[in-house]
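Everything on this sheet refers to the single structure shown next.
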There are 2 protein chains.
Amino acid sequence: MTLDGPLADRDRWQATRCSIGKAMDVIGNRTAVLLLREAFYGTTRFHDFATRVGVTEASAAARLRELVDLGVFEKRPYREPGQRTRHEYALTEMGRDLLPTVLALMQWGDRHLQSDGAPLRVVDTSGAPVRVQVRADDGHDLAAEDLVLQVNR
Amino acid sequence: MTLDGPLADRDRWQATRCSIGKAMDVIGNRTAVLLLREAFYGTTRFHDFATRVGVTEASAAARLRELVDLGVFEKRPYREPGQRTRHEYALTEMGRDLLPTVLALMQWGDRHLQSDGAPLRVVDTSGAPVRVQVRADDGHDLAAEDLVLQVNR
DNA sequence: GATCTGGCTATAGCGACAACAAGCCAGGTG
DNA sequence: CACCTGGCTTGTTGTCGCTATAGCCAGATC
């Protein structure tokens, strides 16, 4: 990655407002990310989140509350026939925007942390394999050395 | 996301070998991700990593050692004229493969956690904006509802 | 041979997150 | 109206990652 303009001398600036750090402060723990995984897999109810992620209900409740406060999930009332009103957890747009992040982690783990190959596979509705890529508007895939970092405004 | 075949009944399988969880076990802490950020920005030396990430040298040493053991970084000897041999930390292919993950976090933070807009901007060498996308081979961008999850093999 | 410097290592303490276990509450069923 | 169930909440205890401070070591310089 090339550092452009005032960024060129790395000793003269600090990444104080870094979005990567802010994102890690918020979703930088295992349980939060696995809750997101389950949400993308279709889970909506509290007990299912806790058991499918494999954490205690105390842990799931704490993490879900943080994510609701943040705006990643929203609690929505629902009612099954003959049942009282309950709440389900649904991803907001902010939460759905984490799809590339979660799939990027999965893709990296599949490639580098699984001795026997990936256990699961993500494809599109036509069956074609899906990947997470860094790309410019014209569509070609980019590596770190093709990138330039600039100050915004 | 649609769960295909044996995955359809979510109560009948457990994500025990989940790549997302394994990835989070390894790079699921703020310091590790910020060390990766600095590596992509071009940092190679121990002291620079510690000060630019903003953690103590003890912390940086512990995290870097884990990442070297894992194969994300490698230590390489180098020698400046008139200096003794020292070591620098360089990303391996495994580490470079984390670019989409790190940029996905940045992109999400830029959009959802910055009140005044993104502080930095990533472009390609022609100046065109760069994004992290979930896409199929034919190139179009995909959302969660366009995806299908299958068992591998 | 003493000193300096970069690159760590050691120790102690704190806060976040986890597990386990138990308890609480609202509302529907019998 | 007692009981059950889903959805939490409240301890308690343990581990992990961070900070702060101090110390160590190897090799170049003086």
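Below, read A as the first sequence line, B as the second, and so on, with proteins coming before strands; counting in each chain starts at 1. The figures that follow rest on heavy atoms only: side chains count, while hydrogens, waters and symmetry mates do not.
The CG-P distance, from B:Leu34 to D:dT19, rounds to 11 Å in whole Å. Distance CG (B:Asn29) to P (D:dT19): 11 Å, rounded to an integer number of Å. Rounded to whole Å, atom C1' of D:dT15 lies 14 Å from atom CG of B:Asp25. Counting to the nearest Å, the C1' atom of D:dC18 and the CD atom of B:Glu57 are 15 Å from each other. Rounded to whole Å, the distance from NE2 on A:His47 to P on D:dC8 is 12 Å. Following rounding to the nearest Å, A:Glu66 (CD) and D:dT9 (P) show an atom-to-atom distance of 12 Å. Remark: P of C:dC8 and CG of B:Asp48 are 12 Å apart, rounded to the nearest angstrom. Atom CG in B:Leu64 sits about 14 Å away from atom C1' in C:dG6, given to the nearest Å.
Residue-level contact check: B:Gly28 touches neither bases nor backbone, having no heavy atom under 4.0 Å from any strand. Among the protein residues, B:Arg30 comes within range of no part of the nucleic acid, since none of its heavy atoms lies under 4.0 Å from any strand. Contacts of B:Ala62 with the nucleic acid, taken as non-hydrogen atoms under 4.0 Å apart, are absent. Among the atoms of the strands shown, none is found under 4.0 Å from any heavy atom of B:Phe49.
Checked against C:dC17, D:dT19, D:dC8, the side chain of B:Val55 finds its nearest nucleotide in D:dT19. Considering only side-chain atoms of B:Arg63, the nucleotide from D:dC8, D:dG17, C:dC17 that sits closest is D:dG17. For A:Ala58, the listed nucleotide lying nearest its side chain is C:dA21; candidates were C:dA21, C:dC8, D:dC8. For B:Lys75, the listed nucleotide lying nearest its side chain is C:dC8; candidates were C:dC20, C:dC8, D:dC8.
The phosphate of D:dG6 has neither OP1 nor OP2 within less than 4.0 Å of any side-chain N or O from A:Arg45. Distances shown here put every side-chain N or O of A:Arg65 at or beyond 4.0 Å from the OP1 or OP2 atom of D:dC8. At the phosphate of C:dA19, OP1 or OP2 sits under 4.0 Å from a side-chain N or O atom of A:Thr56. Between B:Ser59 and D:dT19 there is a side-chain polar atom (N or O) within less than 4.0 angstrom of OP1 or OP2. Using a 4.0 Å cut-off, some side-chain N or O of A:Thr31 falls inside it from OP1 or OP2 of C:dA18.
The shortest non-hydrogen separation linking B:Asn29 to B:Arg63 is OD1-CD, 3.5 Å.
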Distance-only donor-acceptor hits, side chain of residues 118-130 of chain A, under 3.5 Å, sequence neighbours excluded:
unit_1	atom_1	unit_2	atom_2	d
A:Arg121	NE	B:Gln150	OE1	3.1
A:Arg121	NH1	B:Asn152	OD1	3.1
A:Arg121	NH2	B:Gln150	OE1	3.2
A:Arg121	NH2	B:Val151	O	3.3
A:Asp124	OD1	A:Ser126	N	2.9
A:Asp124	OD1	A:Ser126	OG	2.8
A:Asp124	OD1	A:Gly127	N	3.1
A:Asp124	OD1	A:Ala128	N	3.0

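For the residue pair A:Arg135/B:Gln133, the side-chain donor-acceptor check at 3.5 Å is satisfied.
The only option from B:Arg37, B:Glu38, B:Glu88 that meets the side-chain hydrogen bond (donor to acceptor under 3.5 Å, both in side chains) definition with B:Thr43 turns out to be B:Glu38.
Of the possible polar contacts, one joining the A:Thr92 side chain to the A:Val72 backbone as a donor-acceptor pair under 3.5 Å is found.
Under a hydrophobic-cluster definition in which Ile, Leu, Val, Met, Phe, Trp and Tyr are linked whenever side-chain heavy atoms come within less than 4.5 Å, directly or via other members, B:Leu36 and B:Tyr41 are assigned to the same cluster.
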